[in-house]
Structures are given as C-alpha cells and as structure tokens.
Number of protein chains: 2
Amino acid sequence: MVCRMQCSSPGPRKGRARPTGRTGRPRSAEADAAILDATRAALVELGWGKLTMGDVAARAKVAKTTLYRRWASKNELVVDAVAVLFDELELPDRGCLKDDIEGVVLQFAALLARPETKTALMAVVAESTTDDALRNRIRSAVVDRQKRLVVQGRERAQRRGELPKDTGDPEGAASAARSVDMIFDVIAGAVVHRALVSGEPVDAAWAARFTTLLLGGLGSLERED
Amino acid sequence: MVCRMQCSSPGPRKGRARPTGRTGRPRSAEADAAILDATRAALVELGWGKLTMGDVAARAKVAKTTLYRRWASKNELVVDAVAVLFDELELPDRGCLKDDIEGVVLQFAALLARPETKTALMAVVAESTTDDALRNRIRSAVVDRQKRLVVQGRERAQRRGELPKDTGDPEGAASAARSVDMIFDVIAGAVVHRALVSGEPVDAAWAARFTTLLLGGLGSLERED
DNA sequence: CTCTTTCGCTACGAGTCGTAGCGTAACTCT
DNA sequence: AGAGTTACGCTACGACTCGTAGCGAAAGAG
C-alpha cells in the first residue's frame, strides 16, 4: 500500500524491491527510505503547512517526478513517513495491568513529543475528514498498530486474573469489542489532547493519576454490564 | 484579538464597530461577519487543504486585500471562524452529575459532527505545534471556552453534594486544578478521538458508558488523594 | 543484446500567495 | 461645511508551489 502503480511485494533482494515477476528496472528501495527520512526531517524543520514536495525531493536527492511516481499527494506521503514511527510502540510486561498501562501511556507520549509526529499526525487526521482513501490509509497504518496494544494488554490482564475472562457467547464478544474501543479512545484521546491541545506534559505523575482513573472506571463499567 | 491592526472594542454602534476614540472610516462589521460565514461555508465544501483566501474573499463579496487587512494568515482566520461555534456549548442543569456529563458529551459530539468544525479543528491544532501565536489564539478562543464547562459542572456537583467541597488550603486547590485538567483532557480527548480518528458515532449509548467509566474513575481518584 | 521500466532533468501552464498602488467611500473632528 | 484620517474595492505584480509531459540515460530481466 506504499507505492502508486507497482505492487509492493515482500522480500526484496539485494536492497532492491520486488524479487521477480516483472521485467524492467526495479524501483530503488534506497530512494524510498531516503524520501521517507527526508519527509520526517522536513516536518521537523518546516511543519506541515510549509512542507513542499520539491523540498522533500531535494533533501532526498531525488527528482521531484520520482516522488510523484510513488505517492499521489503530500497527505499519503506523510502518513507513510510517520506510520513507521508507530512500530516502536510495544507493551513490555511489567507485571500488573496498572504498570502496563502507565508504560504504554508514557511510551505514546514520548512518541507524540517528537516534532515530526505531533505536527504530522493532527494534520493528516484533519485531511482525512474530507478524504476517505486517506482515512483508510491512516486506519491501517497508524490506528490499528495502536489498538493492537490494547487487545494485547487486555488479554494479558485476563491471564493474570486482573480482568474477568471473555465469555464465549456473542453477547460477551460484543461487549468485549465495545470495551476495547472505549479504552482505546480514552487512552489515545486523553494523551493526545493533553499533549497537543492543552500543551502540558504527560509525565509519570500524570500517567499514574490517569491510570488510576481508567482502572477505577473500568471496574464501574464491569459491574454495570 | 480578532483584527490585525485595530483594537476591537465591545459595543458597536449602528452595525458598525468601534464606538469612538478613533478617527477615519470604521471597519465594516458586516464584512467581518460575511468573511467568517464564507470561511465556514468554504470549509464545508472544500475542507482545510483546498481552502484559499481568494475563494473566501469571493464568497464574502469582499476584496482579497480586505481579508489580509484583518487576518494575517489562513490559520488565524479559520480559528476565529470556528471559535464562535463553541459559544453554543452550554451546560444545562439536568439534575445530577451523570446526566450533566452525558449532556455535554453529546453536545460536544454534535458540534464535532459538523463538517466545518471537524475539518478545521484538527488542522489548526496541527499548525499550532509549530506556531506559538496560533497556539495561544486557540487556547483563548476555543480551549478556555470548553474548560469553563468542566469548572461549572464541577461546582454544580459540589453544591449538590455529589463531589466533596474544595478545601481552602493551597494543597487542595492544586489538587482541584489537576482534577479539572484531567477531566477536561479525558472528556474532550476521548470524544474527539472516537469521532475523528476512530470515526465511529458518539451516540447516547456510548455517552452513557463513557460517563459510567469517568464517574467510576473519579471516585477512585478521589479515594487516593 | 533487446526489451522494459525507472531514473534524473528540464520545462511548462495553472493556481495561490501576500503586497503595493490607486482612486473612492465613510466617518470624526474642528 | 471642510479637512483629516482610515477603510474599501480593484488591479496588477513577482514569487512560489503544484502536478505533469517529454526526453535521453541507467538498470535489471529474458
């Protein structure tokens, strides 16, 4: 889902993309990497509004036409450039649910503190409100990467006995899906809002208070179902 | 804080701005209103990325130079155009804290559902990460308008006895301020994230579940302090 | 060696930006 | 009423960005 005309296939050979199946000169994987690096660098220096395709091409030492051969618009380029940053997110096992949540909150906050992330993320979300293709790209490249952590943390807490296990029936499954969505929106939303809108630091003290609130709230939600 | 060179003063006379004190032709208040209306209309049709100053000027039937005499950039214009929408937000007394929160959540969600709001809000926040002046403008024009509702709802709940009253000491005041900030970020963040990032509806059922979570969490937070 | 595709490069029309200059309109003060 | 001051509409402008087209050269596949 990266390039414009070619199909990207897994398993590049010798630093080049596309192992076989097509003839002709293959696309340079180095160029791809250089372009994405240049995009992130430009985001840091210029921000979203002043970033131009020509500038990115110059930084990547690549012709502007090469850029347009792979990405149709600035939006899609930036989504791909930022998406890889979300691969860093992990959920190390800290022993209990509370510590796991605090860890992921701080990790997410550290990611949002990076200038290239903060300036790009909101901008592409804004554009996605009037561009369905972009919305889907963001969902698969960014949102799903994050939501996976919630599912993972939930399962881990269930194994520890900190959360009740899922019932097999459809009713329970629907309830579980609603919970995951809710938790995801609350965590990601609160962290983003504090960091980018309120503009105040997401530090360990805040993370601890927030986690207390979330866990207490989950208990109430559980009791009501 | 609206115009570029002149000081806006309250109490216009006869549809014109600035009652007295300065000489010369006064700025047209009708033009201001027409420009802001045109900006919102253009946001609906074009979105943030394709909105141009020339287009807004044409819609408002105003010269482009008039636009630049009042707003230095597209960012500031859009902030002012969207800010007034947040004046609609109120906190009607529904009798108990739970209903008050659900009400404001749904009201905020309805505001975010409007295309001109959703497409503009995230965009200006994105730009504000690299523009301090814009950040302050957003804070005073949008964020403070929302936070006021949290303070108001909290005081009302305290009068009802649903929340403990503030202690007079500095420690208690700091704790109260932290709570207001936390509640604000959680509510606004979660609603924005669900509506704009997850792209799922903020309906009455979601609002009820979210409110249950929040109130339960507040209880836990309270017990720990 | 031939075929195919990508590459860098240049050039281009279209569109936007933000400003300057001008004559005119609107309002205040004397 | 007249003078002074400021905002307005209009036109024009250079600078910039966009996205594309056309070219010859480079890089791999068969």
Side-chain angles (χ1 to χ4, degrees), chain A residues 2-9 11-35 38-39 42 46-78 127, chain B residues 2-9 11-35 38-39 42 46-78 127:
Chain A
V2 164
C3 47
R4 204 176 176 184
M5 307 171 64
Q6 282 190 333
C7 298
S8 72
S9 33
R13 191 182 60 165
K14 210 191 66 163
R16 302 289 177 173
R18 204 175 68 271
T20 181
R22 286 184 58 161
T23 163
R25 177 176 177 177
R27 285 195 173 167
S28 160
E30 287 87 351
D32 260 0
I35 290 171
T39 304
L46 307 173
W48 164 266
K50 296 181 180 176
L51 180 146
T52 67
M53 297 294 260
D55 186 78
V56 171
R59 285 172 194 258
K61 297 192 171 77
V62 156
K64 199 174 59 167
T65 44
T66 300
L67 244 168
Y68 281 105
R69 286 188 190 103
R70 308 185 184 204
W71 286 277
S73 71
K74 192 168 103 172
N75 290 330
E76 306 193 2
L77 170 60
V78 170
E127 291 300 313
Chain B
V2 164
C3 47
R4 205 175 176 186
M5 308 170 62
Q6 281 190 333
C7 297
S8 73
S9 35
R13 192 182 59 166
K14 209 188 65 160
R16 302 289 177 172
R18 206 178 64 268
T20 180
R22 286 186 57 160
T23 162
R25 176 176 177 176
R27 286 196 172 166
S28 159
E30 287 87 352
D32 260 0
I35 291 170
T39 304
L46 306 173
W48 165 265
K50 296 182 179 174
L51 180 144
T52 67
M53 297 293 262
D55 186 78
V56 171
R59 286 173 194 256
K61 297 193 171 86
V62 156
K64 199 173 57 164
T65 44
T66 299
L67 246 170
Y68 281 104
R69 286 189 189 102
R70 308 185 182 203
W71 287 277
S73 71
K74 192 169 103 172
N75 290 329
E76 306 193 1
L77 170 60
V78 170
E127 291 299 315

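Below, each value reflects all heavy atoms present in this structure, side chains not excepted, and no hydrogens, waters or symmetry copies. Note that the structure is a prediction, hence the values are computed from the model and not measured. By convention in this document, chain letters (A, B, ...) are assigned in the order of the sequence lines, proteins followed by strands, and residues within each chain are numbered from 1.
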Listed partners of A/Ala57 passing side chain to side chain contact (heavy atoms under 4.5 Å, CB included), at least two apart: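 Applying side chain to side chain contact (heavy atoms under 4.5 Å, CB included) to A/Ala57 gives A/Lys64, A/Leu67.
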Report the residues that fulfil side chain to side chain donor-acceptor pair (under 3.5 Å) with B/Asp55, sequence neighbours left out, ordered by chain and then residue number. B/Arg59
Between B/Thr66 and D/dG9, does any side-chain N or O lie under 4.0 Å from OP1 or OP2? yes
Heavy-atom closest contact (A/Ala60 atom, A/Ala34 atom, distance):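 Looks like CB-O, 3.7 Å.
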Which nucleotide wins on minimum distance to the side chain of [X], given the candidates [options]?
X	options	answer
A/Arg27	C/dA26, D/dC18, C/dT6	C/dT6
A/Thr65	C/dT6, C/dA26, C/dT10	C/dT10
A/Arg25	C/dC17, D/dA26, C/dA25	D/dA26
B/Lys64	C/dG18, C/dA26, D/dA29	C/dG18
B/Tyr68	C/dG18, D/dG4, C/dG8	C/dG18

Mind calculating the distance between [atom1] ([X]) and [atom2] ([N]) to the nearest angstrom?
X	N	atom1	atom2	result
B/Trp71	C/dG18	CH2	C1'	16 Å
A/Ile35	C/dT6	CD1	C1'	12 Å
A/Leu67	D/dT20	CG	C1'	14 Å

Within residues 48-62 of chain B, find the residues that approach DNA chain C with a heavy atom at under 4.0 Å, and present them sorted by residue number. B/Thr52, B/Met53, B/Gly54
Quiz item: B/Arg69 side-chain donor-acceptor pair to D/dA7 base, under 3.5 Å: no
Do A/Arg69 and A/Arg27 have side-chain heavy atoms sitting under 4.5 Å apart? yes
With a 4.5 Å cut-off on side-chain heavy atoms, are A/Asn75 and A/Trp48 touching? yes
Answer yes or no: is there a donor N or O on one side and an acceptor on the other, between the side chain of B/Lys74 and the main chain of B/Leu51, under 3.5 Å?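 At least one qualifying donor-acceptor pair exists.
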